J.: 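I have a structure here, written as structure tokens, and I will follow up with some questions on it.
Keep in mind that what you see is a predicted model, and the values were worked out from it rather than measured.
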Amino acid sequence: MDNKIISGKNISESIKQNIKKEIHNKDLKICICVIQVGDVSSSNIYIQLKKLACENVGIKFKLKKFKETIKEEKIINYINWINYDEKITGIIVQLPLPSHLDKHNIINNIDPRKDIDGLTDFNLSKLILNDDPYFISCTPLGIMELLKHKEIELEGKNVTIIGRSKLVGMPLFHLLLEKNCTITLCHSKTKNINKLLKYADIVICAIGIANFINGKYLKKGCIAIDVGINKIDNQIVGDFNYKTCLNKVSYITPVPGGVGPMTISMILLNLLKAYKLEYDYL
Ligand code: NAD
């Protein structure tokens, strides 16, 4: 059974080691700025994970915290200021934002060359047009890296993605389309999702509902990529019902230890790319 489990933890470790070596050998001065509004506890955990990962490879970590009641204009002014700060290599706005703020407007003020989450209109439209975006969102990038690492042939495969967010499902759709997959992109209004799983060679679920996918609906031998992060009885679980899926799949990513660590290592890789873009030595 163990050889069915794709350990994102192991794969990301070697990526992180390479990044660390490059930063150390070339003495690169890289700094990320994470903007947080309010004090959502899950955001605090994700920010802490990013901080640890950055500091472990020699990347400086700056956290700019705003009060929950902050006006949008103040955040945008801050972003415009750090866009020009040579010491800041990459910028992330930690989501979710309080509901009075327009996240699209805020994120769009990030210089696309510092937008390491790949969420500005500039980078997203370049991705859609297959026109070499500066950055692609880290979770989809990490998933593509996992599939590549496992040497999974993508051309002609049927893929069902559940979740269409700009952060995960939507960029994945375009990345897989570019690899000549045939993709079904499901969302909260999709009817009969279980029926759409039947023909999928690869199922990727990114919705944040524990046990959403039961193995009995999966095609035998499919690949299951679990993006969801859910807390049940103080335990972190994904969107797949792991027990029922394990017998059906040829590969599955665990939660924790699958997609999550890949996302983190892609943040580091995007930061390295942002540095190289700024200093023009790609
Ligand atoms: P989101 O809230 O922006 O999007 C959720 C998507 O799920 C939407 O497209 C919505 O239409 C769809 N959805 C919701 N309920 C559904 C249902 N019943 N049936 C079908 N589709 C449904 O969330 P997101 O930022 O894309 O994150 C999704 C999940 O992935 C969350 O659990 C999040 O914590 C996790 N996540 C994990 C990583 C990682 O590195 N492992 C990274 C990003 C997000």
Side-chain angles (χ1 to χ4, degrees), residues 31-51 54 61-85 88-129 133-143 161-175 185-189 205-209 227-231 239 259-260 263-264 266-267 270-271 274:
C31 178
I32 182 176
C33 179
V34 175
I35 296 171
Q36 182 182 20
V37 185
D39 206 28
V40 176
S41 66
S42 59
S43 291
N44 288 336
I45 297 169
Y46 297 137
I47 289 170
Q48 193 56 25
L49 286 173
K50 285 171 194 155
K51 181 173 191 279
C54 286
F61 185 92
K62 182 180 162 81
L63 175 64
K64 176 68 183 175
K65 262 187 142 172
F66 288 104
K67 279 196 199 136
E68 193 168 349
T69 50
I70 189 83
K71 287 216 169 83
E72 195 165 309
E73 193 191 327
K74 286 248 167 92
I75 304 173
I76 290 173
N77 285 345
Y78 181 74
I79 290 175
N80 285 327
W81 181 58
I82 56 175
N83 276 341
Y84 288 100
D85 184 344
I88 303 291
T89 320
I91 302 168
I92 286 181
V93 174
Q94 186 67 40
L95 300 174
L97 291 176
S99 57
H100 71 280
L101 298 172
D102 178 346
K103 83 172 172 196
H104 182 246
N105 189 32
I106 290 174
I107 287 171
N108 252 332
N109 276 277
I110 299 175
D111 180 340
R113 294 165 71 100
K114 295 192 178 190
D115 167 33
I116 55 163
D117 256 346
L119 287 175
T120 54
D121 286 355
F122 181 93
N123 282 319
L124 273 175
S125 55
K126 289 251 181 199
L127 171 71
I128 292 166
L129 297 171
Y134 291 133
F135 300 105
I136 297 168
S137 174
C138 298
T139 303
L141 212 53
I143 292 170
I161 302 172
I162 307 146
R164 61 172 163 184
S165 70
K166 282 186 188 167
L167 193 65
V168 189
M170 196 269 264
L172 257 179
F173 175 91
H174 292 283
L175 291 170
L185 183 57
C186 308
H187 46 79
S188 56
K189 305 284 182 255
C205 196
I207 62 175
I209 301 178
V227 185
I229 301 175
N230 311 292
K231 211 171 175 186
D239 290 348
V259 174
T263 300
I264 296 278
M266 292 302 117
I267 293 174
N270 274 354
L271 276 165

J.: Determine the minimum heavy-atom distance between L172 and P140, stating which atoms define it.
T.: CG-CB, 3.9 Å
J.: With a 3.5 Å distance limit and no angle check, can you tell me whether H174 reaches the backbone of L129 through a side-chain donor-acceptor pair?
T.: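 No; zero donor-acceptor contacts below 3.5 Å.
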J.: Using a 3.5 Å distance criterion without hydrogens, assess whether the side chain of N270 forms a donor-acceptor pair with backbone atoms of F135.
T.: no
J.: Can a donor-acceptor pair be found, under 3.5 Å and without considering hydrogens, that links the side chain of N83 to the backbone of D111?
T.: yes
J.: Let's go through T69 and H100 carefully: what are the C-alpha distance in whole Å and the side-chain angles of both, what is the deciding distance for side-chain contact (heavy atoms from CB on, under 4.5 Å) to 0.1 Å, and is it a yes or a no?
T.: CA-CA 8 Å; T69 50; H100 71 280; 5.6 Å; no
J.: Kindly give the heavy-atom pair with the smallest separation between L185 and G163, and that separation in Å.
T.: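 Scanning both residues, the minimum pair turns out to be CD1-O, 3.5 Å.
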J.: Are the side chain of S137 and the backbone N or O of G118 linked by a donor-acceptor pair below 3.5 Å?
T.: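 A pair under 3.5 Å: no.
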J.: Roughly how far, to the nearest 0.5 Å, is the CD1 atom of I88 from the CD1 atom of I82?
T.: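 Result: 5.5 Å between the selected atoms.
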J.: How many angstroms lie between atom SG of C138 and atom CD1 of I143, to the nearest 0.5 angstrom?
T.: 11.5 Å
J.: Backbone N or O of L119 within a donor-acceptor pair of the K166 side chain at under 3.5 Å?
T.: no
J.: Would a distance-only check, ignoring hydrogens and angles, find a side-chain to backbone donor-acceptor pair under 3.5 Å from D115 to T120?
T.: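 Side chain of D115 to backbone of T120: a pair is present.
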J.: For I92 and Y46, what are the C-alpha separation, side-chain angles and deciding distance, and is it a side-chain contact (heavy atoms from CB on, under 4.5 Å)?
T.: CA-CA 12 Å; I92 286 181; Y46 297 137; over 6 Å; no
J.: What's the spacing between I162 CD1 and I207 CD1 if we round to 0.5 Å?
T.: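 Reported to 0.5 Å precision, the distance equals 6.5 Å.
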J.: Q94 pairs by side-chain hydrogen bond (donor to acceptor under 3.5 Å, both in side chains) with which of K65, Q36, K50?
T.: K50
J.: Kindly compute the distance separating CD (E72) from CZ (F66), expressed to the nearest 0.5 Å.
T.: 12.0 Å
J.: Identify the two heavy atoms, one from G208 and one from D239, that lie closest to each other, and give their separation to 0.1 Å.
T.: N-OD2, 3.0 Å
J.: Minimum heavy-atom separation for T89 and L271, please, with both atom names.
T.: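 Answer, listing the atom of T89 first, then L271: CG2-O, 3.6 Å.
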J.: Find the distance between CG (L95) and CG (L97) and round it off to the nearest 0.5 Å.
T.: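 So the gap between those two atoms works out to 5.5 Å.
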J.: Output yes when a side-chain donor or acceptor of N123 lies under 3.5 Å from a complementary backbone atom of Y134, and no otherwise.
T.: yes
J.: As a quick check of understanding, evaluate side-chain contact (heavy atoms from CB on, under 4.5 Å) for T139 and L141, giving each step before the final call.
T.: CA-CA 5 Å; T139 303; L141 212 53; over 6 Å; no
J.: Is the shortest side-chain heavy-atom distance between I116 and I110 below 4.5 Å?
T.: no
J.: Between Y78 and K64, is there a cation-pi geometry (under 6.0 Å to ring centre, at most 45° from the normal)?
T.: yes
J.: Measuring from atom CG of N105 to atom CD1 of I76, what distance do you get when rounded to the nearest 0.5 angstrom?
T.: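 It comes to 4.5 Å.
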J.: Give the intermediate values and the outcome of side-chain contact (heavy atoms from CB on, under 4.5 Å) for residues V93 and I79.
T.: CA-CA 9 Å; V93 174; I79 290 175; 4.2 Å; yes
